[in-house]
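Report on one structure; see the data block that follows.
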Amino acid sequence: MINKEKTTIRKLRFKKTESIYLIIRGLEVGIASGLICVLYRYVLEIAENSLMSVLGFVKGSPSKIALWLLLAAILGVIVAYINKFEPDAAGSGIPQVSGEIRGYFSLNWWKVILAKFIGGTTSVFCGLSLGREGPSVQLGGMAAKGVSRLTKSDKTTELRMISCGAGAGMAAAFNAPIAGTMFVLEELHHSFDKALLTMGIVSAITADYISKIFFGQNTIFKYDTSTIALRHYWYLVIMGVILGISGVSYNVIMVKAQKLFKMIKLPSPVKLAGVFLISGVIGLYFPQILCGGHSMANILITQRPELKTLIILLFAKFIFGAFSFSSGAPGGTLYPLCILGAYLGAIFGNIAIGPLDMKDALFEEFVIIGMAGLFSSIVRAPLTGIILVFELTGDMNSLLPIATVSFISYAVANTIGTAPFYSILFEKAVENTDSPTLDTSSNEKVLQTFTIPVGSSVNGKKIADIEWGKHCIIVSIERNEVPITPKGDTVLKEGDTLVMLISQRRFSQDLKRIEELIDD
């Protein structure tokens with residue numbers, strides 16, 4: 001215990017060497033998370049290709065179809081038992097990682113990796129509309145936790161490594177290292193931490209490098225975009241408003257779909273057997289909407305579908321995606337929601353290009369704008385969405401229209417007032433989880449960084465006048481890059497960065513309370 005406390009204090013005393021330490025740990029995280037997620041991505045590609053081969057093999061033969069559907073139902077039962085073996089591997093995995101970082105859960109890293117790997121691969125092989133990106137975030141985080149446990153890291157370092165492993169997982173899945181880093185800061189932590197940024201960039205770049213070794217340096221989407229004339233930006237405003245409303249509707253419907261699925265009073269193996277059976281049937285008649293959505297992306301890349309086809313594929317993918325996700329099968333929604341955004345953008349482009357006398361080449365521009373806009377309204381992480389789409393396409397020329405639509409859709413979704421998608425899932429996970437909390441027998445402190453925002457209620461107050469809690473200690477304040485020794489009469493100001501030690505025994509409660517206190 002004493003050694004762990006000394007390790008935590010080391011971060012405060014040796015700031016010059018701390019950057020080297022963070023870089024080394026970032027490399028460790030990037031290698032471990034990158035290798036796990038690259039292997040997962042490779043196996044999922046085999047599973048999806050095998051699925052298409054199976055569908056082609058059984059087509060036209062009633063006996064073969066019956067055997068395929070029976071196999072799908074059996075695999076559904078197996079996935080149900082995998083979820084029972086490790087409940088924290090069910091679903092997307094992003095809420096579980098967020099819960100671990102915030103002190104609500106303590107996941108068994110090797111069981112989660114094993115269950116997520118097998119369950120996610122099985123779900124994709126049976127065609128469920130689930131992506132690899134959410135699971136990659138969880139796999140990356142758990143691989144990082146495994147490294148931290150094997151190297152006997154202190155709790156502060158472990159939580160940072162889990163965070164950066166999650167970003168590295170996203171980087172490996174999307175070939176998007178900057179978006180992976182931003183996802184950690186904007187979505188998982190909702191704050192800017194220099195130490196986390198340092199480790200996160202190193203781990204994300206390392207994971208992306210490993211991914212490129214195996215999958216090449218091409219971007220995920222290969223679109224030829226064109227610049228939208230400034231006189232047509234009024235249309236982007238309309239597009240942003242509609243995408244904002246669409247994102248809110250997506251969140252509401254996905255939550256309701258989960259509730260409806262839970263209302264079905266059948267044993268989990270029976271329910272998942274039915275889900276996998278239905279997915280097998282859908283694959284026979286509508287293979288385009290299976291899995292994460294690569295087939296639908298290829299349709300947009302290789303051809304320009306007519307409006308009717310775009311609308312049918314959009315609604316079919318959305319309904320099947322809600323059905324698949326509500327089942328609790330291991331798999332994510334990040335890539336499927338990007339595909340939905342792409343199709344919404346394609347519909348807007350299809351409608352606008354003719355009447356507004358736009359160039360036909362702008363069709364693909366609308367596709368990527370729709371992707372970023374819907375992501376921003378659903379996840380409420382507009383910066384991540386903008387950077388993600390840039391890295392997916394490699395096109396910097398579209399930055400202005402993408403940013404315009406993304407921030408409008410984000411503002412509209414916030415104005416309507418529903419919670420962000422992963423925040424909803426996080427709250428539900430906290431309410432329903434049977435996972436243990438952090439080790440309450442440990443006296444180890446966790447180092448946490450907070451930045452006082454503009455308009456904060458603590459601005460202008462003395463440290464001694466604020467009820468921080470008896471388990472929390474301010475050990476350092478940084479103001480305009482200058483460290484200040486905290487005292488009771490020290491007056492806090494907007495933009496100050498507070499470094500606090502929080503007891504592991506009450507980490508989740510105190511972290512939430514301090515965030516609410518500072519953000520109020």
Quiz item: Have Arg380 and Thr418 got a donor and an acceptor in their side chains that come within less than 3.5 Å?
Solution: yes

Quiz item: Going by the side-chain hydrogen bond (donor to acceptor under 3.5 Å, both in side chains) test, which pairs reach into residues 278-287, not counting sequence neighbours?
Solution: none

Quiz item: Side-chain contact, heavy-atom cut-off 4.5 Å: Leu447 with Met500?
Solution: no

Quiz item: Are side-chain heavy atoms of Leu284 and Ile65 found at a separation under 4.5 Å?
Solution: yes

Self-check item: Spatial distance of atom CD1 (Ile201) from atom CD1 (Ile205) [nearest 0.5 Å]
Solution: 6.5 Å

Quiz item: With side chains defined as the heavy atoms from C-beta onward, is the minimum distance between Cys472 and Arg513 less than 4.5 Å?
Solution: yes

Exercise. Of all the heavy-atom pairs spanning Leu55 and Pro287, show the shortest one and how long it is.
Key: CD1-CB, 4.4 Å

Quiz item: Between Asn298 and Ser295, do the side chains contain an N or O donor and an N or O acceptor separated by less than 3.5 Å?
Solution: no

Exercise. Assert yes or no for the condition that the ring centre distance of Tyr335 to His294 is strictly below 6.0 Å.
Key: yes

Quiz item: Taking C-beta and beyond as the side chain, do Thr181 and Leu197 meet within less than 4.5 Å on heavy atoms?
Solution: yes

Quiz item: In terms of side-chain heavy atoms, does Ser129 have a donor or acceptor partner in Lys317 at a distance below 3.5 Å?
Solution: yes

Exercise. First locate atom CE of Met199, then atom CD1 of Ile23, and finally report the distance between them rounded to the nearest 0.5 Å.
Key: 10.5 Å

Exercise. State, yes or no, whether a side-chain contact exists between Cys291 and Leu130 at a heavy-atom distance under 4.5 Å.
Key: no

Quiz item: Under 3.5 Å, is there a donor-acceptor pair linking the side chains of Ser153 and Arg25?
Solution: yes

Quiz item: How are the rings of Tyr422 and Phe183 set to each other: parallel, tilted or perpendicular (split at 30° and 60°)?
Solution: perpendicular

Exercise. Keeping the roles fixed (side chain from Gln288, backbone from Met296), state whether a donor-acceptor pair exists under 3.5 Å.
Key: no

Quiz item: Are Thr333 and Met254 side-chain neighbours, meaning at least one heavy-atom pair lies under 4.5 Å?
Solution: yes

Self-check item: Over 12 foreign heavy atoms within 6.0 Å of CZ, Phe286
Solution: yes

Quiz item: Could you state the interatomic distance from OG (Ser163) to NZ (Lys145), rounded to the nearest 0.5 Å?
Solution: 12.0 Å

Exercise. Could you pull out all residues at least two apart from Tyr250 that satisfy side-chain hydrogen bond (donor to acceptor under 3.5 Å, both in side chains)?
Key: none

Quiz prompt | Inter-residue atom distance Ile253.CD1 - Leu260.CG, 0.5 Å rounding | solution = 11.0 Å

Quiz item: How many angstroms lie between CG in Leu39 and OG1 in Thr121, if you round to the nearest 0.5 Å?
Solution: 8.5 Å

Quiz item: Hey, are the side chains of Leu334 and Ile94 touching, using non-hydrogen atoms and a 4.5 Å cut-off?
Solution: yes

Quiz item: If only atom types and distance count, is the side chain of Asp88 paired as donor or acceptor with the main-chain N or O of Gln96 below 3.5 Å?
Solution: no

Exercise. Check for a donor-acceptor pair, side chain of Lys428 on one end and backbone N or O of Pro95 on the other, with a separation under 3.5 Å.
Key: no

Quiz prompt | Tyr81 and Ser268, any side-chain heavy atoms less than 4.5 Å apart | solution = no

Quiz item: Glu427: what forms a side-chain hydrogen bond (donor to acceptor under 3.5 Å, both in side chains) with it, not counting sequence neighbours?
Solution: none

Practice problem: List the steps and the verdict of side-chain contact (heavy atoms from CB on, under 4.5 Å) for Ile368 and Leu392. | Solution: CA-CA 9 Å; Ile368 66 169; Leu392 286 175; over 6 Å; no

Quiz prompt | Heavy-atom closest pair, residues Pro330 and Val79 | solution = CD-CG1, 3.6 Å

Quiz item: Looking at Pro135 and Gly332, what are the two nearest heavy atoms and their distance?
Solution: CD-N, 3.4 Å

Exercise. State, to 0.1 Å, how close Leu128 and Ala329 come at their nearest heavy-atom pair, and which atoms those are.
Key: CD2-CB, 3.7 Å

Quiz item: Which pair of non-hydrogen atoms, one from Ser406 and one from Ser376, has the smallest distance, and what is that distance?
Solution: CB-OG, 3.4 Å

Quiz item: Can you name the closest pair of heavy atoms from Ile162 and Ile101 and give their distance?
Solution: CG2-CG1, 4.2 Å

Self-check item: Leu501 CG to Thr156 OG1 distance, which is reported to the nearest 0.5 Å
Solution: 7.0 Å

Quiz item: If you measure from the Lys or Arg side-chain nitrogens to the Asp or Glu carboxylate oxygens, is any gap between Lys155 and Glu158 under 4.0 Å?
Solution: yes

Quiz prompt | With sequence neighbours excluded, residues passing ring-ring contact (aromatic ring centres under 6.0 Å, His included) with Phe375 | solution = none

Quiz item: Which residue pairs satisfy the side-chain hydrogen bond (donor to acceptor under 3.5 Å, both in side chains) criterion with at least one member in residues 31-45, sequence neighbours excluded?
Solution: Arg41-Asn175, Arg41-Ser211

Quiz prompt | Polar side-chain atom of Arg132 near backbone of Ala173 as donor-acceptor pair, under 3.5 Å | solution = yes

Quiz prompt | Candidate pair Arg102 and Leu188, rule side-chain contact (heavy atoms from CB on, under 4.5 Å), full reasoning | solution = CA-CA 9 Å; Arg102 304 181 70 78; Leu188 297 183; over 6 Å; no

Quiz item: With ring centroids as reference points, do Tyr104 and Phe426 lie under 6.0 angstrom apart?
Solution: yes

Practice problem: Apply the test side-chain contact (heavy atoms from CB on, under 4.5 Å) to residues Val124 and Leu51: give CA-CA distance (whole Å), side-chain angles for both, the deciding distance (0.1 Å), then the verdict. | Solution: CA-CA 8 Å; Val124 168; Leu51 169 63; over 6 Å; no

Exercise. Verify, without hydrogens or angle tests, whether Ser203 (side chain) and Gly200 (backbone) share a donor-acceptor contact under 3.5 angstrom.
Key: yes

Exercise. Show your working on side-chain contact (heavy atoms from CB on, under 4.5 Å) between Ile74 and Ile78 and close with a plain yes or no.
Key: CA-CA 6 Å; Ile74 293 172; Ile78 292 173; 4.3 Å; yes

Quiz item: Listed by chain and number, what are the ring-ring contact (aromatic ring centres under 6.0 Å, His included) partners of Trp68, not counting sequence neighbours?
Solution: Phe125

Quiz item: When you check the side-chain N and O atoms of Gln258 and Ser326, is any donor under 3.5 Å from an acceptor?
Solution: no

Quiz item: Are Lys116 and Gln138 close enough that a side-chain donor and a side-chain acceptor fall under 3.5 Å?
Solution: yes

